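For reference, the structure is listed below as structure tokens.
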Protein chains: 2
Amino acid sequence: MSKAIIDDVAARAGVSIKTVSRVVNRERNVRPQTRARVEAAIAELNYRPRLSARSLAGNRSFMLGLIYGKPGAHYVLDIQEGILEICRPHGYELVIHPGEFRDGDLVNEVSELILDRRIDGVLLSPPISDHMEAIGLLVEAGIPLVRIAPTIDKTAHPFVETNDLEASFELAEVLIGLGHRRIGFITGHPDHRAVGLRFEGYRKALRAHGIAFQGELVTLGDNRFHAGEEGARQLLSLPSPPTAIFAANDEMAGGVIKTALAMGLRIPEQLSVVGFDDAPISRQVWPSISTIQQPIREMAKTATQILLEQLRAGEAEPHPSMHPARVILRESIAPPRTQTS
Amino acid sequence: MSKAIIDDVAARAGVSIKTVSRVVNRERNVRPQTRARVEAAIAELNYRPRLSARSLAGNRSFMLGLIYGKPGAHYVLDIQEGILEICRPHGYELVIHPGEFRDGDLVNEVSELILDRRIDGVLLSPPISDHMEAIGLLVEAGIPLVRIAPTIDKTAHPFVETNDLEASFELAEVLIGLGHRRIGFITGHPDHRAVGLRFEGYRKALRAHGIAFQGELVTLGDNRFHAGEEGARQLLSLPSPPTAIFAANDEMAGGVIKTALAMGLRIPEQLSVVGFDDAPISRQVWPSISTIQQPIREMAKTATQILLEQLRAGEAEPHPSMHPARVILRESIAPPRTQTS
DNA sequence: GTGAAAGCGCTAACAG
DNA sequence: CTGTTAGCGCTTTCAC
């Protein structure tokens, strides 16, 4: 068990502790020879700088914070692991903060994170990435942040994004291309703005193909499975039900599938279904769901890289970064039945 | 923005910093009156002790570590949030470490966690809770730990557990009670020992009801959806296929359902399916899966409480704690068809 | 019960 | 390029 401290290393290498510090912190202005000696000493003693000491003296914590909403377990975990993959090798730890969008506590939690933990930087995942109050707090405190997939106010802060709108336009076009004209839509949670863009993509596709938008074909969802079930029940009970349903995420698309099957419909023969996210559920239901794959993990990695760079440079440029999503076609779609019910 | 430090508080309250420290740390031997004065000063100044300073001086980090394997996103997230719910109010942060069971790096990561971060205590979730090498390392370093749902060596360390074996015995009995005699089983990942107990429960139930165990009705799984698909394909292709399939977790049960439906079978009329975990997927497929609900989040909470208590007391008693699981019946089961295929 | 002094192990100025 | 001197803000002795 190594109890070596910086003085031990300095003594062993025959230099001052400051030089050791320089080597550890990868500062320049150290003769290669000296650096090598110090590094050898570090290795021999299995020295590791005590984080708390570094934090106290250097006034930084080597910790990053992730504040996330609740957009589904796999989404959060993907982001989390994407971040870790990048920040660990750079000596940064991650502390995680679940936060409810509408919860007043979020603001408290954020200030706690800043005040107590002296977090060096923060990553905001949807829908918190649109929580301007929390962002304001961070900015005020001078804490660097990167927003993951924000939809509003995309000017002042660095962020990473994907093309929700274009991708859902494309997916809607696939349905139209198959011959569907009555296409239902189940919207996402209103707080989760990125999901709102998917609705835009759907409308834009209708417009582009001269199909009139019909309000009765839209139901309000909240990103959860249950909303898909409800929405499907509602849409499929219409006098003239849709031949296809586009749910704003896979979770809800799964709900649509379950309800449709329970109602005795055959998919895709009698109803086509598409979702969004390429969530596990899209592969696990039968029939599997056509969807859109978002590079969530990659976005998280890029966001972390941007954040670390900012910490290094002290800069805070907007620095946007785009990770395109792509359509994935599976079993849940087919041309609409000609005529008959 | 509060920049108050302990000296400010001491001055404001007219006491020495040591007394402030005593109040902050809830030590006894402070006159109630003095305590009140100090607390008032703390509130007025919105003082929050700087963690890094506390860590450096007190030689503890106020951070807990979670080392987890990969037993599915919802499982991990449940554990994570259970831990946070308890440790946050006590001023502890959580740092998370994904770790592969078979990965040699796990040991390195653990020592890093100990050496660099001076983690105060560690929670081990399955299957890492059975990783005796990692545990040995922690013990050697004198880091308190609590194991979540371990299956081996349950003597030396505190742990929380559930009754996997009894619960699956019960679930298997439900199938037998319905009249099933040929019941297939898809086993879990061999590293994930807790899941192994579910197989034991199944065998025990067969034995208890005088049904001969048949090796051909068992396939080896790995807890993942795909293994359920494969296993079902194999079992349902037998000359005399099972009338029911028990998968060691819901993920695999979902795979069974998908495959069975794709093969044109009707569930539960032609095949009953049960799983384990009460994972979201068990509610989201059609028909929904009968399963066993484990109090995962509760286990995590109890584990954290035990850990915090240990940190306070400096004790490390085995201190086991049992959270019973319970059977949940849903649409996926029915009596076997009499006679005909 | 309370306080004074002495660090915890490191980084941040400044010298050289 | 390298070393010296001060702290960072708290907890710990050990007095009183």
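Below, each value reflects all heavy atoms present in this structure, side chains not excepted, and no hydrogens, waters or symmetry copies. Everything numeric here is computed off the predicted structure, so don't read it as measured data. Residue numbers start from 1 in every chain, and the chains themselves are labelled A, B, ... in the order their sequence lines are given, proteins ahead of strands.
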Check your understanding: How about A:Val146 and A:Thr302: do any of their side-chain heavy atoms sit closer than 4.5 Å?
Key -> no
From CD of A:Glu27 across to P of D:dC1 the rounded distance in Å is 13 Å
Side chains of A:Leu66 and A:Ser125: closer than 4.5 Å at any heavy-atom pair? yes
Here the distance between atom C1' of D:dC8 and atom CG of A:Leu51, to the nearest Å, is 15 Å
| Quick one: do B:Arg312 and B:Glu309 make a salt bridge, cutoff under 4.0 Å? | no
From CG of B:Asn29 across to C1' of D:dA15 the rounded distance in Å is 15 Å
task: Evaluate the side-chain proximity of A:Asn223 to A:His192: yes if any heavy-atom separation is below 4.5 Å, no if none is.
output: yes
Indicate yes or no: at least one non-hydrogen side-chain atom of A:Gln294 is less than 4.5 angstrom from one of A:His323.
no
Under a 4.0 Å heavy-atom cutoff, the residues of residues 7-24 of chain B touching DNA chain D are B:Ile17, B:Lys18, B:Ser21
| According to a strict under-4.0 Å criterion, is A:Thr34 in side-chain N/O contact with OP1 or OP2 of D:dT2? | yes
What I'd like to find out is whether the side chain of B:His74 reaches to under 4.5 Å of the side chain of A:His74, using heavy atoms alone. no
Parsed dot-bracket for DNA chain C after applying the Watson-Crick and G-U rules with both distances under 3.5 Å and | for other-strand partners is |||||||||||.||||
The single option from B:Leu123, B:Val160, B:Leu311 that satisfies side-chain contact (heavy atoms from CB on, under 4.5 Å) with B:Ile306 is B:Val160
Across all chains, not counting sequence neighbours, the salt bridge (charged side-chain N to carboxylate O under 4.0 Å, His left out) partners of B:Asp130 are B:Arg147
For residues 26-45 of chain A, the side chain to side chain donor-acceptor pair (under 3.5 Å) pairs (sequence neighbours left out) are A:Arg12-A:Glu44
Rounded to whole Å, the CZ-C1' distance (A:Arg54 to D:dG7) equals 18 Å
To the nearest angstrom, the CG-C1' distance between A:Leu56 and D:dT11 comes to 12 Å
To the nearest angstrom, the CD1-P distance between B:Ile6 and D:dT12 comes to 12 Å
- Task: Answer yes or no: is there a side-chain heavy-atom contact under 4.5 Å between B:Ser129 and B:Phe159?
- Result: no
A:Arg28 atom CZ is separated from D:dC1 atom C1', nearest whole Å, by 13 Å
Whole-Å distance, A:Asn25 CG to D:dT2 P, equals 15 Å
Min and max contacting nt of DNA chain C in 5' to 3' order, chain B heavy atoms within under 4.0 angstrom, are C:dG1 to C:dG9
DNA chain C nearest-nucleotide lookup for B:Ala57 and B:Arg35: closer to the 5′ end is B:Arg35
Applying side-chain hydrogen bond (donor to acceptor under 3.5 Å, both in side chains) to B:Arg54 and not counting sequence neighbours gives B:Asn25
task: Pick base, sugar-phosphate or nothing for A:Ile5, based on heavy-atom distances below 4.0 Å to the nucleic acid.
output: sugar-phosphate
